[in-house]
Amino acid sequence: MKIIMLGAPGAGKGTQAKQIAAKYDIPHISTGDIFRANIKNGTELGKKAKEYMDQGLLVPDELTCDLVMDRIQEDDCAKGFVLDGFPRTIPQAEALTAALEKIGQKMDFAIDVDVPDENIVNRMSGRRACLECGATYHIVAIPPKQEGVCDNCGSKLVLRDDDKPETVQKRLDVYHEQTQPLIDYYNKAGILKSVDGTQPMEKVFEDITNILA
Ligand code: ADP
Ligand code: ADP
Ligand code: ZN
């Protein structure tokens, strides 16, 4: 099963993608997580990506597409995968379609997690991330057992630099301009499904599993 998660920054793509990956035993591929790991490790890619991420801008397609095309051809992706945060532009979507066509495959579902802009600022300001294992919490809606500490690995939780309110509005503008057109792209491709992302996390997941079933 090959799944794309669509939705605004903070809509809950990552939260849902992790659960989908666990339930269907497929890899969760988050380009944001890949970039953050590169930043943490001080790689060249990380240095370049950080310049854009800190401004709330997208990392250029040239730095993003090859990375994903290589990743989805690894052995663990043979049964499928869930893409979280990719594609984010029409050229990225076209590159993905073309790469899969070459090997006689296509994506099965594009799931749009729909959350209005009004709710997004609250989601982002309350998001706490573990930069060690990638787990994500929300201080009110999905709190960790112990404040500021990752349930998974015990590391310290942080507010991501790009989740500060001054960057969030920019990211929302970028989303509407560059990423939202993908809803139409995948609708035309006949694989778009939409879920109401304002519901509690468990209910959103139930709606998604009903779609995938
Ligand atoms: P969110 O959880 O808010 O959706 P992500 O973790 O997916 O954010 O991405 C964080 C940042 O990483 C983005 O704002 C962007 O700068 C960069 N990024 C992630 N995925 C992509 C992509 N497919 N194309 C371009 N930039 C990306
Ligand atoms: P994305 O990957 O789309 O940027 P995340 O999965 O990181 O979004 O979720 C953004 C924030 O909202 C996180 O703090 C997360 O814990 C919280 N969150 C996710 N799903 C829900 C939900 N259904 N209701 C309330 N908060 C949620
Ligand atoms: Zn952790």
Side-chain angles (χ1 to χ4, degrees), residues 4-20 28-39 45-46 48-69 71 82-93 95-96 111-115 119-144 148-163 167-168 170-175 178-179 182 195-208:
I4 296 168
M5 303 303 293
L6 295 175
K13 301 181 296 295
T15 300
Q16 298 299 329
K18 287 188 184 98
Q19 295 188 62
I20 295 169
H28 165 214
I29 303 175
S30 157
T31 40
D33 285 352
I34 295 172
F35 289 136
R36 280 184 291 277
N38 275 275
I39 292 172
L45 173 65
K48 286 188 198 146
K50 187 171 169 24
E51 282 174 37
Y52 298 93
M53 291 168 76
D54 282 351
Q55 297 178 66
L57 301 173
L58 294 183
V59 178
D61 292 341
E62 311 83 87
L63 296 178
T64 309
C65 284
D66 290 351
L67 180 99
V68 177
M69 300 318 145
R71 179 66 189 88
V82 50
L83 291 178
D84 162 17
F86 184 96
R88 252 180 161 97
T89 64
I90 292 283
Q92 289 181 11
L96 177 64
I111 299 175
D112 179 38
V113 182
D114 188 22
V115 173
N119 304 23
I120 292 293
V121 179
N122 169 286
R123 288 273 179 106
M124 309 276 250
S125 60
R127 171 156 62 185
R128 294 295 178 273
C130 174
L131 298 180
E132 289 301 324
C133 76
T136 305
Y137 305 86
H138 187 279
I139 50 174
V140 179
I142 306 169
V149 179
C150 180
D151 290 353
N152 248 358
C153 74
S155 301
K156 195 166 139 281
L157 300 177
V158 298
L159 175 68
R160 274 165 44 182
D161 282 340
D162 61 342
D163 278 350
T167 319
V168 169
K170 181 69 201 167
R171 291 166 67 199
L172 270 176
D173 295 345
V174 167
Y175 167 75
Q178 301 195 58
T179 308
L182 295 181
V195 294
D196 175 0
T198 64
Q199 306 175 99
M201 173 178 82
E202 297 78 9
K203 181 69 177 73
V204 179
F205 187 57
E206 192 186 312
D207 288 358
I208 292 176

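We count ligands from 1, going down the list as the structure has it; atoms in each ligand are counted the same way.
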Have a look at the Zn ion (ligand 3) and estimate, to 10 degrees, the angle subtended by SG (Cys150) and SG (Cys130).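 SG of Cys150 and SG of Cys130 make an angle of 110° at the Zn ion (ligand 3), to the nearest 10°.
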Vertex the Zn ion (ligand 3), rays to SG in Cys153 and SG in Cys133 - rounded to 10°: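 Seen from the Zn ion (ligand 3), SG and SG are separated by roughly 120°.
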Let me see the working for Arg128 and His138 under side-chain contact (heavy atoms from CB on, under 4.5 Å), right down to the final yes or no. CA-CA 6 Å; Arg128 294 295 178 273; His138 187 279; over 6 Å; no
Is [X] close to ligand 2, meaning an N/O of one under 3.5 Å from an N/O of the other?
X      : value
Thr15  : yes
Ala141 : no
Lys13  : yes
Gly126 : no
Ile142 : no

I need the minimum non-hydrogen distance between Gly10 and Arg123, along with the two atoms involved.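 Looking at all heavy atoms of both residues, the shortest contact is O-NH1, 3.4 Å.
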Heavy-atom side-chain proximity of [X] to [Y] below 4.5 angstrom:
X      : Y      : result
Met69  : Leu96  : yes
Pro9   : Met124 : yes
Ile4   : Leu6   : yes
Asp114 : Val195 : no

Can you tell me which residue and heavy atom of the protein come closest to [atom], and the distance to 0.1 Å?
atom                    : value
atom 2 (O) of ligand 2  : Gly14 N, 2.8 Å
atom 14 (O) of ligand 2 : Tyr137 O, 2.7 Å
atom 24 (N) of ligand 2 : Arg123 NH2, 3.4 Å
atom 17 (C) of ligand 2 : His138 CB, 3.9 Å
atom 8 (O) of ligand 2  : Gly12 N, 3.1 Å
atom 10 (C) of ligand 2 : Gly10 O, 3.5 Å

Region of Ala8 that comes within reach of ligand 2 [heavy atoms, distance under 4.0 Å]: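 Looking at Ala8 and ligand 2, just backbone atoms fall under 4.0 Å.
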For ligand 2, does Gln199 get within less than 4.0 Å through its side chain, its backbone, both, or neither, judged by non-hydrogen atoms?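 It is the backbone that gets close, since no side chain atom is under 4.0 Å.
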Roughly how far, to the nearest 0.5 Å, is the CD atom of Glu202 from the CD atom of Gln19?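 If I round to the nearest 0.5 Å, the distance is 7.5 Å.
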From CA spacing to verdict: side-chain contact (heavy atoms from CB on, under 4.5 Å), Tyr137, Leu157: CA-CA 9 Å; Tyr137 305 86; Leu157 300 177; 3.6 Å; yes
Do any N/O atoms on Thr31 end up under 3.5 angstrom from N/O atoms on ligand 1?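 The answer is yes, given that Thr31 and ligand 1 share an N or O pair closer than 3.5 Å.
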Is there a nitrogen or oxygen of Arg127 sitting under 3.5 Å from a nitrogen or oxygen of ligand 1?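 Looking only at distances, the answer is yes, because the N/O contact criterion of under 3.5 Å is met.
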Going by the order shown, which atoms of ligand 1 are within less than 4.0 Å of some heavy atom of [X]?
X      : result
Arg36  : 6 (O), 10 (C)
Arg171 : 1 (P), 3 (O), 8 (O), 14 (O)
Gln92  : 22 (C), 23 (N), 24 (N), 25 (C)
Gly85  : 20 (N), 21 (C), 22 (C), 23 (N)
Met53  : 11 (C), 12 (O), 16 (O), 17 (C)

Is a donor from one side chain sitting under 3.5 angstrom from an acceptor on the other, for Asp61 and Thr89?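 Judged by distance alone, the side chains do pair up.
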With backbone taken as N, CA, C and O and side chain as the heavy atoms from C-beta onward, which portion of [X] lies under 4.0 Å from ligand 1: side chain, backbone, both, or neither?
X     : value
Val59 : both
Gln55 : neither
Leu57 : backbone

Walk me through whether Asp173 and Lys170 qualify under salt bridge (charged side-chain N to carboxylate O under 4.0 Å, His left out). CA-CA 5 Å; Asp173 295 345; Lys170 181 69 201 167; 5.4 Å; no
At less than 4.0 angstrom from any non-hydrogen atom of Thr136, what atoms of ligand 2 do you find?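 Reading through ligand 2 atom by atom, the close ones are 7 (O), 13 (C).
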Test log, rule side-chain contact (heavy atoms from CB on, under 4.5 Å), inputs Thr15 and Phe205: CA-CA 9 Å; Thr15 300; Phe205 187 57; over 6 Å; no
Quick check on Pro200 - does any of its heavy atoms sit under 4.0 Å from an atom of ligand 2?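 The answer is yes: ligand 2 sits under 4.0 Å from a heavy atom of Pro200.
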